Amino acid sequence: MESCSFRAATAPSPFPSAPSPSSSPRAPCPILRFPRPKKGRQIGVRRRASGFDAFASFAGKVFVDEAIGAEYGEGFETFRMDGPLKVDVDYLNEKLQECFLQRIRHAMKPDEAFGLIFSWDNVIADTDSLKLNAWRQLALEEGKDIPSGAHVRKSILHGAADHVLRKVLYWAKEEDKMEKLKARLIELYYENLFKLDTPVEGLREWLDAVQTAGIPCAVASPLDRRCMTEALDRMALSKYFKAIVTDEDDMESIANRFLSAAMKLDRKPSKCVVFEDDPRGVTAAHNCTMMAVALIGAHPAYELVQADLAIAKYSELSVINLRRLFANKGISFMDLQKQIIEKSPPKRRLTVDTIF
């Protein structure tokens with residue numbers, strides 16, 4: 001049986017292709033293929049061909065309030081040949097122990113013992129501008145205005161699309177209208193994403209330094225794998241990442257994506273450092289016993305006080321900073337420790353000898 005290949009398609013798209021009404025013996029996979037036009041409207045063709053329902057399901061994967069996860073150390077369930085396997089924070093910290101040869105190597109090169117996990121949004125790429133542009137284009141098409149208040153900006157950047165449309169902008173009340181606007185919003189977002197080819201300032205230089213030190217890196221994103229890999233290719237960053245966690249990994253929370261990245265890097269969660277821009281992502285990293293480095297920008301510094309280190313740009317970092325994150329109590333200082341209560345010594349009885 002021949003497998004379906006997407007390499008022949010000329011237009012990358014995150015959305016499933018509609019089946020062809022008539023199959024041809026020359027094409028093993030009856031999939032409609034649309035060439036990419038010069039000014040980028042191939043998604044609109046698919047939207048008109050397949051309707052809004054497929055796009056509405058994708059809107060929640062970008063414009064959504066994700067669960068933090070791992071509040072009590074819980075993880076996710078994966079499957080093995082012998083049955084389902086429950087993976088949580090304690091399990092990974094216990095099972096991903098260094099072998100004898102790794103301990104010797106990490107003693108000589110201690111930086112290689114760490115693992116770096118980069119969130120996608122505003123850490124690798126400026127996704128806030130993509131979202132803002134999508135909302136502005138949608139407003140222009142619908143003849144609407146977006147209020148300039150700070151709470152409105154925060155909602156459209158970090159809130160769910162249906163909540164913003166109903167409770168913030170009041171653009172839609174009927175369900176059909178809601179689904180149509182959500183589908184168009186996500187279409188505009190991906191059109192902007194396909195044009196993205198520049199990473200966050202200073203990221204490439206930082207990844208060069210990390211690669212020189214031999215520290216493995218992973219990227220965690222709610223996007224699908226194809227869009228993720230193509231975006232990294234356009235930014236010339238693919239060579240820096242050993243692992244990628246995307247929507248296909250079916251992680252239900254931010255913390256679960258971080259745990260999945262730690263597994264793919266073969267590093268204990270307590271030896272991983274997460275690069276985030278959101279306070280909720282910082283909390284998820286700490287729930288996984290990971291360290292958190294926060295990038296100030298999308299959120300002000302006072303909202304990122306929980307991070308172990310907050311920076312305004314990557315040029316402020318050095319590999320020594322990573323060592324200092326674990327310097328106080330060693331690389332296992334975030335592991336759970338048993339408190340030992342020492343018994344108080346018996347009181348000493350004082351006697352006074354009197355010589356007559």
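Just so we're clear, the structure is a prediction, and the values are computed from it rather than from any experiment.
The side-chain contact (heavy atoms from CB on, under 4.5 Å) search around Ala292 returns Val282, Ala285, His286, Asp308, not counting sequence neighbours. Qualifying side chain to side chain donor-acceptor pair (under 3.5 Å) partners for Asp266, counting only residues two or more places apart in sequence or in other chains: none.
Closest heavy-atom contact between Leu165 and Lys182: CD1-CG, 3.9 Å. Counting all heavy atoms, side chain and backbone alike, Cys217 lies closest to Val210 at SG-CG1, 3.5 Å. When all heavy atoms are compared, the tightest approach of Gly69 to Asn287 is O-ND2, 3.1 Å. A pairwise comparison of heavy atoms in Leu259 and Glu74 identifies CD1-O, 4.3 Å as the closest pair.
Between Lys167 and Asp162, no side-chain nitrogen of the basic residue sits less than 4.0 Å from a carboxylate oxygen of the acidic one, so the salt-bridge criterion is not met. Classification of Arg184 and Glu141 as a salt-bridged pair holds, one side-chain N sitting under 4.0 Å from a carboxylate O. Look at Glu175 and Arg166 and you find a salt bridge, because one of the NZ, NE, NH1 or NH2 atoms lies within 4.0 Å of a carboxylate O, short of that distance.
Gln137 pairs in a side-chain contact (heavy atoms from CB on, under 4.5 Å) with only one of the listed residues (Leu185, Leu188, Leu132), which is Leu188. If you run side-chain contact (heavy atoms from CB on, under 4.5 Å) between Thr127 and each of Leu196, Asp277, Asp121, Asn192, only Asp121 comes through.
Side chain of Lys131 to main chain of Leu157: a donor-acceptor pair is present (N/O by atom type, distance under 3.5 Å, no hydrogens or angles).
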- Task: Apply ring pair (Phe, Tyr, Trp, His ring centres under 6.0 Å) to the pair His158 and His163, showing each step before the final yes or no.
- Result: CA-CA 11 Å; His158 308 293; His163 171 75; over 10 Å; no

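Ring planes of Tyr314 and Phe118: tilted class, angle from 30 to 60°.
The other members of the hydrophobic cluster of Leu304, by chain and number, are Ile296 (side-chain heavy atoms under 4.5 Å, ILVMFWY only).
Counting non-hydrogen atoms of neighbouring residues, nucleotides and ligands closer than 6.0 angstrom, the NZ atom of Lys173 reaches no more than 12 such neighbours.
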